[in-house]
Trainee: 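Dumping the structure here so I can ask a few things about it.
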Amino acid sequence: MAHFAELGENNVVLRVIVVDNVDTMTPQGEEREEIGVAFCRNLLGGTWKQTSYNGTFRKNYAGIGFTYDSTRDAFIPPRPYPSWILKEENCHWAPPVAMPSDGQFYTWNEETQSWDVVSQ
């Protein structure tokens, strides 16, 4: 099965659908993204990009609200906090301060730009 993301305004993902591999293949049985994109467009209209369920291409599996960045050829999740930084190698967001690794549970505090211990 192949997965395709519909892009809306500003390349934000509106939905992700599953397409049978046969609907992405040449007559010789070779899978091609452009064939799957044409299938999606003919069926539902819109603008489509293939996404990888296991993240083998385009960095991340697309989800509703993700943004497709054509320069990076990647799906980028929504930024969780304004202070978080996009890591180029995997297009994931990271806090400006690493979370402590002392076995406690933490939540990010955007106001103080630090990690707060979660009381149990």
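This one's a predicted model, so the numbers in the text were calculated from it and none came from an experiment. These numbers come from the heavy atoms of this one structure, side chains and all, not from hydrogens, waters or symmetry mates.
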Trainee: Decide, yes or no, whether a salt bridge links Glu89 with Lys59 under the criterion of side-chain N to carboxylate O below 4.0 Å.
Mentor: no
Trainee: Please list, one pair per line, the donor and acceptor atoms closer than 3.5 Å that link side chains of residues 11-23 to other protein atoms, with sequence neighbours excluded.
Mentor:
from  : atom 1 : to    : atom 2 : distance (Å)
Arg15 : NE     : Glu6  : OE1    : 2.6
Arg15 : NH2    : Glu6  : OE1    : 3.2
Asp20 : OD1    : Val22 : N      : 3.0
Asn21 : OD1    : Met1  : N      : 3.2
Asn21 : OD1    : Ala2  : N      : 3.3

Trainee: So Phe75 and Tyr68, ring-ring contact (aromatic ring centres under 6.0 Å, His included) or not? Walk me through it.
Mentor: CA-CA 4 Å; Phe75 287 104; Tyr68 174 70; 5.3 Å; yes
Trainee: Please give me the minimum heavy-atom distance between Phe66 and Pro78, naming the atom from each residue.
Mentor: CD1-CD, 3.8 Å
Trainee: Are Tyr106 and Ile85 grouped together when hydrophobic residues (ILVMFWY) are joined by side-chain heavy atoms under 4.5 angstrom apart?
Mentor: no
Trainee: Would you call Pro95 and Val97 a side-chain contact if the rule is heavy atoms closer than 4.5 Å?
Mentor: no
Trainee: Please determine whether side-chain contact (heavy atoms from CB on, under 4.5 Å) holds for the pair Gln113 and Tyr81, giving the CA-CA distance in whole Å, both sets of side-chain angles, and the decisive distance to 0.1 Å.
Mentor: CA-CA 10 Å; Gln113 303 262 315; Tyr81 298 98; over 6 Å; no
Trainee: Going by atom type alone, with no hydrogens or angles, which donor-acceptor pairs under 3.5 Å involve a side-chain atom of residues 35-49 and a protein atom two or more places apart or on another chain?
Mentor:
from  : atom 1 : to    : atom 2 : distance (Å)
Asn42 : ND2    : Ala38 : O      : 3.2
Trp48 : NE1    : Gly45 : O      : 2.7

Trainee: For Asn109 and Glu111, does a side-chain donor sit closer than 3.5 Å to a side-chain acceptor?
Mentor: no
Trainee: Output yes when a side-chain donor or acceptor of Arg79 lies under 3.5 Å from a complementary backbone atom of Trp84, and no otherwise.
Mentor: yes
Trainee: Might you point out which heavy atoms bring Trp93 and Ile76 nearest each other, and give the distance in Å?
Mentor: NE1-CG2, 3.7 Å
Trainee: Let me know which of Asp69, Asp73, Thr51 forms a side chain to side chain donor-acceptor pair (under 3.5 Å) with Arg58.
Mentor: Asp73
Trainee: Give, for atom OG1 of Thr24 and atom CD of Gln50, the distance between the pair rounded to the nearest 0.5 Å.
Mentor: 6.5 Å
Trainee: Rounded to the nearest 0.5 Å, how far apart are CD of Gln104 and OG of Ser119?
Mentor: 10.0 Å
Trainee: Could I get the full list of ring-ring contact (aromatic ring centres under 6.0 Å, His included) partners for His3, not counting sequence neighbours?
Mentor: Tyr53, Tyr61
Trainee: Are Pro80 and Trp108 side-chain neighbours, meaning at least one heavy-atom pair lies under 4.5 Å?
Mentor: no
Trainee: Hey, does the side chain of Asn60 reach the backbone of Cys91 with a donor-acceptor pair shorter than 3.5 angstrom?
Mentor: yes
Trainee: Starting at OG of Ser83, measure out to CD of Glu110 and round the result to the nearest 0.5 Å.
Mentor: 3.5 Å
Trainee: Is it possible for you to say whether Ile64 and Leu7 belong to one hydrophobic cluster, with membership spreading through side-chain heavy-atom contacts below 4.5 Å?
Mentor: no
